[in-house]
Amino acid sequence: MGVVLIAAMAAMLICIFLGPKFIEYLRVREFGQNIREEGPQGHHTKAGTPTMGGLIIFASICVPYLVLSDRDAQSLAVFGVALGCAALGFADDYIKIVKRRSLGLPGRWKLLGQLLLALGLWWVARHEVGLEPVLHFRIGDASLQLGPVLYFVLVFLVIAGTSNGVNLTDGLDGLAAGSCGIVLLAYTAIAFIAGEQQDLALLSACLVGACIGFLWYNAFPASIFMGDTGSLGLGGAIGALAVMTQTEVLLIIIGGIFVIEALSVLLQVFAFKTFRRRVLLMAPLHHHFEMMAWSETKIMLRFWIIAAVCSGIGFTLYQQSIGR
């Protein structure tokens, strides 16, 4: 337990230490956030705020993880998926900011990258770790035998769905970083109580520490945004942790805040394409509440509460499932 706490504290302190210099570097290079014209009017004052803060998040994670862990196959696979998704996000941020192309990396290339990362995670899970291609519901004793092909499809859906869900949540100061920290704290506990997943617990704790350290500068009013580098990377890490802890179904509850945000976008698109009407004032859901004149701080804190409740329920269900 001690080394897990040390890793989390180290990641947090490294992130806090790196923050000022990195923010200043981004300001000098004019790597600032572009704000969509159709977005909430209040966000236009944030134009030019340094972005790509995901770089310091993952720099903060690398040192304590590589120094303090045994780097087993499970944790290395999660670490690799997280870095791979962060690299996709960095390419997207770089194209948007440096190349001045508003659409960034084409969606098909993101999906291809996520597909390849899912393939690597699937191979490690099956052939290195020895996980069976079974979907555990963690509610009762229910499970479903999938077979290798359907299991790969599941892994891909988890990685793509979670990384994109976190990306959609990253729209207010501190919202994604705080929500990810809460969800990753639950996964730290899940990996720790599983007994044989010490390195997974340590890596997850590093992610929690880095999220907290990043919040030092990302909380309202934000001095830096994580960008797609951070949101895709953290989402990929959460998805990979779900695969390695065999909590793919439970992730729907643990990461409930990301599910809600993603469903709000799907509902809005479906309603508009089908009925030519909008269900929400603006999607994702946090923008709907902004349009209702809620303050960013109120939305952030209430969404954090929802994230904490969902994570607590999910962790309790997991604990009960392994106690049977």
Side-chain angles (χ1 to χ4, degrees), residues 2-26 31 50-94 113-114 116-117 120-121 124 128 159 162-163 166-167 170 176-177 180-181 183-185 187-188 191-192 197-218 224-245:
V3 71
V4 173
L5 290 174
I6 291 170
M9 289 295 296
M12 181 186 73
L13 292 174
I14 291 170
C15 198
I16 292 174
F17 175 78
L18 291 176
K21 291 291 185 183
F22 187 70
I23 292 170
E24 182 59 30
Y25 172 79
L26 293 176
F31 288 172
T51 188
M52 292 197 289
L55 289 174
I56 57 170
I57 292 176
F58 283 95
S60 305
I61 292 161
C62 287
V63 175
Y65 168 69
L66 294 175
V67 171
L68 297 174
S69 75
D70 294 327
R71 298 180 294 281
D72 63 8
Q74 284 182 310
S75 64
L76 276 175
V78 174
F79 186 62
V81 169
L83 289 183
C85 287
L88 291 173
F90 176 78
D92 193 56
D93 288 334
Y94 185 84
Q114 290 165 344
L116 293 174
L117 290 169
L121 183 65
V124 172
E128 294 294 324
I159 297 300
T162 310
S163 57
V166 174
N167 186 240
D170 183 29
C180 284
V183 171
L184 286 161
L185 183 61
Y187 270 108
T188 303
F192 189 78
Q197 297 179 314
Q198 175 81 7
D199 272 6
L200 273 188
L202 187 145
L203 175 58
S204 187
C206 289
L207 288 157
V208 174
C211 285
I212 294 171
F214 185 71
L215 271 173
W216 191 265
Y217 305 103
N218 182 238
I224 187 172
F225 300 139
M226 69 168 63
D228 286 4
T229 308
S231 59
L232 290 180
L234 290 172
I238 292 170
L241 282 165
V243 171
M244 284 302 177
T245 55

*Asks:* Cut-off 3.5 Å, no hydrogens considered: what does the side-chain donor-acceptor table look like for residues 208-216, sequence neighbours left out?
*Replies:*
none

*Asks:* Could you list the residues that satisfy side-chain hydrogen bond (donor to acceptor under 3.5 Å, both in side chains) with T162, not counting sequence neighbours?
*Replies:*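 Partners of T162 by the side-chain hydrogen bond (donor to acceptor under 3.5 Å, both in side chains) criterion come out as none, since no residue qualifies.
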*Asks:* Checking Y65 now: which residues fulfil ring pair (Phe, Tyr, Trp, His ring centres under 6.0 Å) with it, not counting sequence neighbours?
*Replies:*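 Listed in chain order: F79.
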*Asks:* To the nearest 0.5 Å, how far apart are SG in C206 and CG in L68?
*Replies:*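 Atom-to-atom, C206:SG and L68:CG are 7.0 Å apart.
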*Asks:* Compare all side-chain heavy atoms of C85 with those of I159 and state whether any distance is below 4.5 angstrom.
*Replies:*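 Side chain of C85 against side chain of I159, heavy atoms only: contact under 4.5 Å found.
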*Asks:* Got a sec, which pairs hit salt bridge (charged side-chain N to carboxylate O under 4.0 Å, His left out) with one end in residues 200-217, sequence neighbours left out?
*Replies:*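 Residue pairs with at least one partner in residues 200-217: there are none.
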*Asks:* Could you tell me if the side chain of M244 sits less than 4.5 Å from the side chain of V124, heavy atoms only?
*Replies:*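 Touching, per the 4.5 Å side-chain cut-off.
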*Asks:* With side chains defined as the heavy atoms from C-beta onward, is the minimum distance between L241 and L184 less than 4.5 Å?
*Replies:*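 Heavy-atom side-chain distance check passes, below 4.5 Å.
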*Asks:* How long is the straight-line distance from CG of L18 back to OH of Y217, given to the nearest 0.5 Å?
*Replies:*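 Answer for the OH-CG pair, Y217 versus L18, is 8.5 Å.
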*Asks:* Roughly how far, to the nearest 0.5 Å, is the CD1 atom of I23 from the OG1 atom of T51?
*Replies:*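 Here the rounded value is 11.5 Å.
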*Asks:* Going by side chain to side chain contact (heavy atoms under 4.5 Å, CB included), name the residues that satisfy it together with A8, two or more places apart in sequence or in a different chain.
*Replies:*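 If we apply the side chain to side chain contact (heavy atoms under 4.5 Å, CB included) test to A8, skipping adjacent residues, the hits are A205.
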*Asks:* Keeping the roles fixed (side chain from R71, backbone from L76), state whether a donor-acceptor pair exists under 3.5 Å.
*Replies:*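 Not a single qualifying donor-acceptor pair exists.
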*Asks:* Mind listing the closest non-hydrogen atom pair of S69 and L202 along with its distance?
*Replies:*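 Closest approach of S69 to L202, heavy atoms only: CB-CD2, 4.0 Å.
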*Asks:* L200 and A191: which non-hydrogen atoms are nearest, and at how many Å?
*Replies:*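 What the structure gives for the nearest pair is CB-CB, 3.8 Å.
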*Asks:* What is the distance from atom CG of L207 to atom CG of L185, rounded to the nearest 0.5 Å?
*Replies:*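 One gets 11.5 Å once the value is rounded to the nearest 0.5 Å.
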*Asks:* Distance from F22 atom CZ to I224 atom CD1, nearest 0.5 Å?
*Replies:*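 Between F22 CZ and I224 CD1, I get 5.5 Å after rounding to 0.5 Å.
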*Asks:* Show which side-chain atoms of residues 53-64 pair as donor or acceptor with protein atoms under 3.5 Å away, not counting sequence neighbours.
*Replies:*
residue: S60; atom: OG; partner: C15; partner atom: N; Å: 3.2
residue: S60; atom: OG; partner: I56; partner atom: O; Å: 2.6

*Asks:* Taking only distance into account, with no hydrogens and no angle test, what donor-acceptor pairs under 3.5 Å do side-chain atoms of residues 226-233 form with protein atoms, sequence neighbours excluded?
*Replies:*
residue: D228; atom: OD1; partner: N167; partner atom: ND2; Å: 2.8
residue: T229; atom: OG1; partner: F90; partner atom: N; Å: 3.4
residue: T229; atom: OG1; partner: D93; partner atom: OD2; Å: 2.7
residue: S231; atom: OG; partner: N167; partner atom: ND2; Å: 2.8
residue: S231; atom: OG; partner: G227; partner atom: O; Å: 3.3

*Asks:* Could you tell me which non-hydrogen atom of D199 sits nearest to which non-hydrogen atom of D72, and how far apart they are?
*Replies:*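 Heavy atoms only, the tightest pair is OD2-N, 3.2 Å.
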*Asks:* Nearest 0.5 Å, what's the CD-CG distance between Q74 and L121?
*Replies:*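 It comes to 10.5 Å.
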*Asks:* Mind listing the closest non-hydrogen atom pair of I238 and C180 along with its distance?
*Replies:*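 For I238 versus C180, the nearest heavy atoms are CD1-SG, 4.1 Å.
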